[in-house]
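Have a look at the structure below, then the notes.
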Amino acid sequence: MMVSSIRGIGMTSDGTRRRLIKQLRGLGIDNQVVLDAIVATPRHLFVDEALSSRAYENSALPIGRGQTISQPWVVAMMTDAVLRSNSGDDNAAETGRRLHKVLEIGTGSGYQAAVLARLADKVFTTERIGELSRLAKQRLHALKIHNVYARHLDGLAGWPGQAPFDAIVVTAGGHLPEALFDQLAEGGVLVAPVAAEHDRQHLIRFERTAEGIEREDLGEVSFVPLLEGLD
Ligand code: SAH
């Protein structure tokens, strides 16, 4: 009891979160819907207690098993990228559309899924490492986030039983399987770190339009690798 109440003070203080939002604005994130979702999501509860004082810094942090919780700026960029849609009769052009079904590959800590849960009706998220999947499920349950469906699955196959998705977010870097594009609805957006030359990764936003797949490069990023099979 003591520990959890002390832990709440400071980490969750409005000041620390507001500083992060200011930083994100400085980095070009101006979508208020995205910023509101980030302010409302307690990132300190998605990292180990020893790291919680650093949870509102704009940095990636270790979550065990060699994996990381993504940098808030990257989470914001990816979230903004899937909310925008060039096709469809969406009149909320500035802040984006309401998402029905979203698929995430790489649950990790569950943080990105929790942010997406505020902006979508249902979030399906897959994680290949059983231990991380289990911990993420516990956190999401404790936070009473009930519209995230987390499974210990290899996300390279997507989640065919729930397709098509309005958005697919891949939070590990590598070569994208065709299966993911097949599960993207028309007007849907897939955002992923894609392997480029010299071991680099670029965050690419793909949108399925009536004409085909549009591609937009959002810049260089660094994610843990997208791997095959379960662990
Ligand atoms: N979205 C996470 C970031 C986690 S890092 C968060 O907000 O915390 C990326 C995660 O992708 C790692 O946990 C890694 O184990 C997982 N991963 C890598 N390849 C995968 C695959 N093929 N299927 C599912 N998860 C995968």
Considering only heavy atoms from C-beta outward, does the side chain of Ile21 approach that of Arg18 to under 4.5 Å?
no
May I ask you to decide if Glu220's main-chain N or O and Gln201's side chain share a donor-acceptor pair within less than 3.5 Å?
no
Is there a salt bridge (Lys or Arg N to Asp or Glu O under 4.0 Å) between Asp121 and Arg98 once you walk through the steps?
CA-CA 8 Å; Asp121 297 331; Arg98 174 84 195 170; 3.3 Å; yes
Carefully, step by step, assess Leu176 and Leu190 under the rule side chain to side chain contact (heavy atoms under 4.5 Å, CB included).
CA-CA 10 Å; Leu176 290 175; Leu190 186 159; 3.9 Å; yes
Nearest heavy-atom approach of Ala81 to Val189 is O-CG1, 3.6 Å
Output yes when a side-chain donor or acceptor of Arg43 lies under 3.5 Å from a complementary backbone atom of Ile38, and no otherwise.
no
Has the side chain of Thr209 got a donor or acceptor atom that lies under 3.5 Å from a matching backbone atom of Gly212?
yes
Gap separating the CG atom of Asn31 from the CG atom of Leu119, nearest 0.5 angstrom
8.5 Å
Run Phe165 and Val102 through side chain to side chain contact (heavy atoms under 4.5 Å, CB included) and show every step you take.
CA-CA 5 Å; Phe165 298 98; Val102 178; 5.8 Å; no
Could you check whether His202 and Asp217, counting side-chain N and O atoms only, form a donor-acceptor pair closer than 3.5 Å?
yes
Write down the atom of Gly158, the atom of Leu180, and the distance for their closest heavy-atom approach.
CA-CD2, 3.6 Å
Test side-chain hydrogen bond (donor to acceptor under 3.5 Å, both in side chains) applied to Glu57 - qualifying residues, sequence neighbours left out
Arg54
Please answer whether the main-chain N or O of Glu216 pairs with a side-chain N or O of Arg205 as donor and acceptor at a distance below 3.5 Å.
no
Do the non-hydrogen side-chain atoms of Leu45 and Arg139 ever get within less than 4.5 Å of each other?
no
Keeping Asn147 on the side-chain end and Ala120 on the backbone end, is there a donor-acceptor pair under 3.5 Å?
yes
Hey, does the side chain of Ser70 reach the backbone of Val75 with a donor-acceptor pair shorter than 3.5 angstrom?
no
If you define the side chain from C-beta out and look only at heavy atoms, does anything of Pro42 sit under 4.5 Å from Leu143?
yes
How many angstroms lie between CG in Leu83 and CE in Met78, if you round to the nearest 0.5 Å?
12.5 Å
Could you check whether any side-chain heavy atom of Ile105 comes within less than 4.5 Å of a side-chain heavy atom of Phe124, counting everything from C-beta outward?
no
Nearest heavy-atom neighbours spanning Val148 and Ala113
CG2-O, 3.8 Å
Quick one about Gln112 and Thr125 (side-chain donor to acceptor, distance below 3.5 Å, no hydrogens or angles considered), yes or no?
no
Taking it one step at a time, do Arg128 and Leu227 satisfy side chain to side chain contact (heavy atoms under 4.5 Å, CB included)?
CA-CA 8 Å; Arg128 63 177 291 280; Leu227 300 175; 3.7 Å; yes
Would you name the heavy atoms of Phe181 and Phe206 that are closest together and state the gap between them?
CE2-CG, 3.7 Å
Distance col, row Gln162:CD vs Gln183:CD, nearest 0.5 angstrom, shows 10.5 Å
Nearest 0.5 Å, please: how far is CG in Leu99 from OG in Ser85?
9.0 Å
Got Arg151 and Trp159 here, is their nearest side-chain heavy-atom distance under 4.5 Å?
yes
Are a donor atom and an acceptor atom from the side chains of Tyr56 and Arg17 found within less than 3.5 Å of each other?
yes
Could you go through Val82 and Val169, starting from their C-alpha distance and side-chain angles, then the distance that decides it, and tell me whether this counts as side chain to side chain contact (heavy atoms under 4.5 Å, CB included)?
CA-CA 8 Å; Val82 296; Val169 174; 3.8 Å; yes
State, with a plain yes or no, whether a side-chain heavy atom of Thr171 is found less than 4.5 Å away from one of Glu104.
yes
Pairwise distance CZ(Arg65) to CG(Leu135) - rounded to 0.5 angstrom
10.5 Å
Between Gln71 and Trp73, is there a donor-acceptor pair closer than 3.5 Å when you use the side chain of the first and the backbone of the second?
no
Determine the minimum heavy-atom distance between Met77 and Leu218, stating which atoms define it.
SD-O, 4.2 Å
Please check this pair: side chain of Asp166 against backbone of Lys101, looking for a donor-acceptor N/O pair closer than 3.5 Å.
yes
Has the side chain of Arg25 got a donor or acceptor atom that lies under 3.5 Å from a matching backbone atom of Asp30?
no
Any heavy-atom pair between the side chains of Leu140 and Phe46 that's under 4.5 Å?
yes
Donor-acceptor under 3.5 Å (Glu127 side chain, Gly108 main chain):
yes
Would you call Leu27 and Asn58 a side-chain contact if the rule is heavy atoms closer than 4.5 Å?
yes
Quick one: closest heavy-atom pair of Lys137 and Ala150, and the distance?
CE-O, 3.2 Å
